[in-house]
Number of protein chains: 2
Amino acid sequence: MVRTVFEKSDAIALVAEVFRELGYEGASMSEITARTKLSKGSLYHFFPGGKEEMAAEIMANIDAWFVTEMFKPLEEEDPRAAIARMWEMTDSYFHSGRRVCLIGAFALDETRDHFSAAIRDYFRRWIEALAGALLRAGTPDTDAKMLAEEAVIGIQGALTLARALGDEAVFGRTLVRLKLRLETTLG
Amino acid sequence: MVRTVFEKSDAIALVAEVFRELGYEGASMSEITARTKLSKGSLYHFFPGGKEEMAAEIMANIDAWFVTEMFKPLEEEDPRAAIARMWEMTDSYFHSGRRVCLIGAFALDETRDHFSAAIRDYFRRWIEALAGALLRAGTPDTDAKMLAEEAVIGIQGALTLARALGDEAVFGRTLVRLKLRLETTLG
DNA sequence: ACTCCTATAAACCGATTGGTACTAAATAAA
DNA sequence: TTTATTTAGTACCAATCGGTTTATAGGAGT
């Protein structure tokens, strides 16, 4: 027997997409109900704390996904394989440049002040995990941190530019360029 | 005799800073009046079209500044000097990473749909102007466009990461890195 | 003095905001 | 089946939204 219940994780995914499209302030409760087809009753059942709790849970959800799928592999598995996996996951997660980074978007306006710790930790861990993998793969100690930072900067910038130009190809070729740059530093 | 009238350009500058801090949707009229100390009467006198007109005028104002201070010099003057000037202007305009790019922020959420042409043109012209200057300075034809795109991506990404980490130093060292990368391609 | 005209202030508008209360339906436990 | 308990739908709330209107203040030109 197949259970097809609608649970909180489903609500998180639906609401997350609305925040991604409209931003935190732009996502009004009525827009959220309209786009997710979830009634206010459902939303306030899952998120008694309202919008703020939705955003917090969504960010925790995103963070957990990145930790499992990218950061932990970078920290624990074969570094070259994990880095290769990171580029693939990054491309698929951001839908090849069509999907924005919710946490990056939150960082730009005053929304950041409500979630500053979560935002900071997300980016910090990404950079540290990648820098650690680069180190273990043979990148010189002086370069690893800077290269990891450069990669994360490039991903965020490419997402912005891809949307600004309405040209998703920007994202794909930026990932390729960053990938090659990291590879030149390992033997 | 010194004229100290308060004119529209002053209002544009004040309101622009509010949009930068809060985003388009986050900047409610009451927040704008509170932060700028301008009454609604004043604001609707300068901008009869309300918030949307404010944003449009602000973006036109930003665009005009970049055209005068960076794009035209890149297109018309000594390319190496213009590129050096671009890095200085970029650092000062974005307050060494403390100030976000309003047009980049608008590009991320649905605000983009209201100003898509202005957003696209701004980034497109920046990349084209820089690519042209690189070409004239001796960068190989195949690299110029990609390098210019990489530079703009890096600037946007660094602004995002600097705010996300609460560490403005990220911005400064990214500018240095990008500057050096461009220079290695010219003799 | 007297108009003009620009600029600011303040009261006010209907619509929409995030959030609550209450109810109905579905599900699980007994 | 009966009884709890969770989940979802609707109506409604005070507060705030973006925007309008009316009134007034202050020069500049005559």
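Letters A, B, ... are given to chains in the order of the sequence lines, protein chains preceding strands, and every chain is numbered from 1. Keep in mind the model is a prediction, meaning the values are calculated, not measured.
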Could you list, one pair per line, each protein nitrogen or oxygen that sits under 3.5 Å from a nitrogen or oxygen of nucleotides 9-14 of chain C, together with the distance?
residue	atom	partner	partner atom	Å
C/dA9	OP2	B/S39	OG	3.4

So, B/T33 and B/S30: side-chain donor and acceptor under 3.5 Å apart, yes or no?
no
Protein-nucleotides 3-5 of chain D N/O pairs closer than 3.5 Å?
none

Once salt bridge (Lys or Arg N to Asp or Glu O under 4.0 Å) is applied, do any residues pair with [X], and if so which ones, sequence neighbours excluded?
{"X": "B/R112", "answer": "none"}
{"X": "B/E150", "answer": "A/R177, A/R181, B/R181"}
{"X": "B/R35", "answer": "A/E110, B/E21, B/E31"}

Check residues 118-130 of chain A and write down every donor-acceptor pair under 3.5 Å in which the side-chain atom is one partner and the other belongs to a residue at least two apart or another chain.
residue	atom	partner	partner atom	Å
A/R125	NE	A/E75	OE2	3.3
A/R125	NH2	A/E75	OE1	3.2

Roughly, in whole Å, what's the span from CD in A/E31 to P in C/dG18?
10 Å
Residues of residues 43-56 of chain A with a heavy atom under 4.0 Å from any atom of DNA chain D, listed by number, are A/H45, A/F46
How would you list, by chain and number, every residue that makes a side-chain contact (heavy atoms from CB on, under 4.5 Å) with B/A81, sequence neighbours excluded?
B/D78
Test ring pair (Phe, Tyr, Trp, His ring centres under 6.0 Å) applied to B/F19 - qualifying residues, sequence neighbours left out:
B/Y24
Going by heavy atoms closer than 4.0 Å, what residues in residues 14-28 of chain A are next to DNA chain C?
A/A27, A/S28
All pairs passing side-chain hydrogen bond (donor to acceptor under 3.5 Å, both in side chains) where residues 55-66 of chain B contributes a residue, at least two apart
B/K8-B/E57
Quick one: which residue pairs count as a side-chain hydrogen bond (donor to acceptor under 3.5 Å, both in side chains) with a foot in residues 92-102 of chain A, not counting sequence neighbours?
A/E17-A/R99, A/R20-A/Y93, A/D91-A/S96, A/R98-A/E168
